[in-house]
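Lettering of chains follows the sequences in order, A, B, ..., and the numbering in each one begins at 1. Being a predicted model, the structure only gives us computed values, none of them experimental.
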2 protein chains.
Amino acid sequence: MDELDSAIVALLQADARQSNRDIAGKVGIAPSTCLERIRLLRQRGVIRGYHADIDPTALNRSVEALVSAQVRPLSRAVIDTFQRSLLDLPEVLSVYVTAGSDDFLIHVAVPDIDRLHSFLVDRLAIRKEVVAFRSSVIFRHHRKTVLEPLPASE
Amino acid sequence: MDELDSAIVALLQADARQSNRDIAGKVGIAPSTCLERIRLLRQRGVIRGYHADIDPTALNRSVEALVSAQVRPLSRAVIDTFQRSLLDLPEVLSVYVTAGSDDFLIHVAVPDIDRLHSFLVDRLAIRKEVVAFRSSVIFRHHRKTVLEPLPASE
DNA sequence: CTCGGTGCCGAACAACATTCGGCGCGCAGC
DNA sequence: GCTGCGCGCCGAATGTTGTTCGGCACCGAG
């Protein structure tokens, strides 16, 4: 993971569909070398995949919310099955298992407020392991597309 | 946004770097037609971009946390400048502006717990508009890569 | 029935990915 | 200091792909 790898990774984060030749040209190496570098980055697990970023509105998901939930008992079995069943729900985008006052944070995207309400009532509140939850509608969301490596210290 | 577009979008979400020919073959249309469809999807803003998914560990960010924050006064000016300055910080991955008991949720990734602490103390607590914050370390995080369109109703 | 528009196809050409042999650099052993 | 080895890079060659464009078929309006 030298400077060249970082540069390649940054370029692929910015635009994963640009050609290998373009990347090679921008970082200043031969296309064949660049291809080999990218192959190794994937193999080492540095690059986990390439995904298109889609506007949720186009997928009939205009309302997004963050739902924090507490489950009891806080056993591995309960956590694992709860997490899995959340990811099976179409409304759920992402699940965080956290320390602190809440155990889960669930990112959901639904067509409208009604569907958010039915998600909370019909999907979450039914589950016996869920002892509490609280939801926050998202007004805005800004996500960094390119993540740079952090320096060791200063 | 018909069935064909949905299929293309699903394929590009799963793997943004597969060839146009492959996508065309899988959805059952000619490569030239597929290319035109993808071009239109980008133009309409359905596809917002293509990004490589990178392992945070490789970028020296082994510790992730969610930090919720309250700011006062809750004016547009304060919200906007606070959001922008958060996104300028290298530790920050993502910023949510939310309704509910908290105004912001900040996703951060840092090398270790010490750097999380210094982020909270040196970056967040200094700001006069921040009246409260609370942070949760993330144990696990699972994000859906492919987001299907939600049906209108049932 | 005719006309115009829209969306799809397939061929053609330029650009690209991918492989592979070889070269040069740096390091270890002598 | 010299020799040999290994690693990583390069560039040419080949098959594959992106991209453009002319034409065709379908559909709806008049």
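- You'll find the ring centres of Tyr96(A) and His142(B) outside the 6.0 Å limit.
- The side chain of Leu35(B) lies closest to dT20(D), out of dC16(C), dT20(D), dT19(C).
- Nearest-nucleotide assignment on DNA chain D puts the 5′-proximal partner with Cys34(A), out of Cys34(A) and Gln18(B).
- dC7(D) atom C1' lies 11 Å from atom CD of Glu36(A), rounded to whole Å.
- When heavy atoms are screened at a 4.0 angstrom cut-off, Ser19(B) is found touching the sugar-phosphate backbone but no base atom.
- Side chain to side chain, Arg123(A) and Ser118(A) fail the donor-acceptor criterion of an N or O pair below 3.5 Å.
- Residue Ile29(A) contributes atom CD1, which lies 17 Å from atom C1' of dG24(C) at whole-angstrom precision.
- Spacing between atom CD1 of Ile38(A) and atom C1' of dA17(C) amounts to 11 Å, rounded to whole angstrom units.
- The existence of a salt bridge linking Arg72(B) and Asp103(B) is confirmed by a sub-4.0 Å separation between a basic side-chain nitrogen and an acidic carboxylate oxygen.
- With respect to Asp22(A) and Arg17(A), no salt bridge is recorded, no charged nitrogen being found less than 4.0 Å from a carboxylate O.
- Phosphate contact (OP1/OP2 of dT19(D), side-chain N/O of Arg21(B), threshold under 4.0 Å): absent.
- In the set dC9(D), dT20(D), dC10(D), dC10(D) carries the atom at the smallest distance from any side-chain atom of Ser32(A).
- Checked against dC10(D), dT18(C), dG10(C), the side chain of Pro31(A) finds its nearest nucleotide in dT18(C).
- Map Asn20(A) and Thr33(B) each onto its nearest nucleotide of DNA chain C; the residue landing nearer the 5' end is Thr33(B).
- Arg37(B) has its CZ atom 18 Å from the P atom of dT19(D), to the nearest Å.
- Here the side chains of Leu66(B) and Ser135(B) are not in contact, with every heavy-atom distance at 4.5 Å or above.
- The CG atom of Asp22(A) sits 19 Å away from the P atom of dA14(C) (whole-angstrom rounding).
- Taking side-chain N and O atoms only, Arg39(B) has a distance below 4.0 Å to OP1 or OP2 of dT20(D).
- Here the P atom of nucleotide dA17(C) and the CZ atom of Arg17(A) are 11 Å apart, to the nearest Å.
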